[in-house]
Amino acid sequence: MKKNKIFIACDSQNTNKVKEIIKKTQSSKLKIGYKFGLEFLNSKKGREFISKIKNQITFGDYKFSDIPNTCVSAIKAISDLKFNYLTIHINCGLEALKAAKKVSGKTKLIGVTILTSLDNKSIKEIGYSKEIKKIVFKQAKLAHKAKLDAIVCSPIEVKIVKKVFKKEIITPGIRFNSKADDQKRTLTPKQAYKNGSDWLVIGRPITKGNIKNNLQNLINHLK
Ligand code: C5P
């Protein structure tokens, strides 16, 4: 049987904590990858730690959001880390996405849509006049045009994204219950897979508290 795929968000500044997360989330029941976000990537020892990782699926969640030249240079600057996946905000625009795709090589380039921590009210405050679903649909079209390898979106928008984007779909905003922390557009792991997510990104619901118990709860939930 195909294994469910999960990226564990290693959100910490502490290499020992990240080591603990990796050690305690080894599982024969799930296909696990490790996502390193802005906190770990910007920590003192984060880069060096990542450079030494072997035989793991790695995801550099840099969420690049800049002009084409800077995105390209930044991707070149981290090429030695040989990430399997790397993120760029689709809001950089088509030109930056295409330029980034040209230099990303074997690393799969993931386009990030509207953050899962935003709702329609926050989107209006920023200045968008369309609702999130419509914006994400447009962003998915851009990702398709730029030939990106994957999309990050909320599990709620997977079906919309799938209409125009046929490659991998990765969804953060995963919660088992109503304790959503700062996330606004959430679904449970089961619901996210049912909607068609290829990979889930899960951080705090696994990494806070007893990691092994949390992972087992996830496995039971998915049975
Ligand atoms: O702890 P939690 O499960 O909310 O972690 C989600 C992870 O996914 C965080 O590392 C966050 O930076 C990342 N992420 C997200 N929403 C996006 C893109 C990435 O929550 N749209």
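Quantities reported herein were computed from a predicted structural model and do not represent experimental measurements. By convention here, the first residue in the shown sequence is residue 1.
In this structure, the side chains of L86 and I78 come closer than 4.5 Å at one or more pairs of heavy atoms. With a 4.5 Å cut-off on side-chain heavy atoms, P205 and I174 do not count as touching. Residues I114 and R185 form a side-chain contact, since some pair of their non-hydrogen atoms from C-beta on lies under 4.5 Å apart. Side-chain contact between I169 and K162 is present, with heavy atoms from C-beta onward closer than 4.5 Å. Inter-residue side-chain proximity for Q191 and R175 is flagged as unmet; no heavy-atom pair is nearer than 4.5 Å. For the pair D149 and E168, the minimum side-chain heavy-atom distance is 4.5 Å or more. Between I211 and I206 there is a side-chain heavy-atom pair separated by less than 4.5 Å. A 4.5 Å side-chain heavy-atom check between L187 and T171 finds every atom pair outside the cut-off.
Hydrophobic clustering (side-chain heavy atoms under 4.5 Å, transitive across Ile, Leu, Val, Met, Phe, Trp, Tyr) groups L200 together with F176. Linking Ile, Leu, Val, Met, Phe, Trp and Tyr residues whenever their side-chain heavy atoms come within less than 4.5 Å leaves L115 and I156 in two separate clusters.
Among I132, N91, I90, the single residue meeting the side chain to side chain contact (heavy atoms under 4.5 Å, CB included) criterion with T113 is I90.
Rounding to the nearest 0.5 Å gives a distance of 9.5 Å between CD of E131 and NZ of K124. The distance from the CG atom of L218 to the NZ atom of K190 is 11.0 Å, given to the nearest 0.5 Å.
Taking the six-membered ring where the residue is Trp, Y62 and F83 present perpendicular rings, their angle passing 60° and hence far from 30°. Between F59 and Y85, the ring planes lie tilted relative to each other; the angle falls in the 30° to 60° range.
Taking all atoms of both residues into account, the shortest heavy-atom contact from A140 to F165 is O-CD1, 4.0 Å. Across K19 and F49, no two heavy atoms sit closer than the pair CG-CE1, 3.6 Å.
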* Asked: Going through the distances and angles, do K35 and T87 end up as a side chain to side chain contact (heavy atoms under 4.5 Å, CB included)?
  -> CA-CA 10 Å; K35 185 183 88 68; T87 47; over 6 Å; no

* Stepwise side-chain hydrogen bond (donor to acceptor under 3.5 Å, both in side chains) test for N220 and Q216 -> CA-CA 6 Å; N220 296 341; Q216 191 53 50; 3.1 Å; yes

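Taking a cutoff of 4.0 Å between a charged side-chain nitrogen and a carboxylate oxygen, K82 and D80 do not qualify as a salt bridge.
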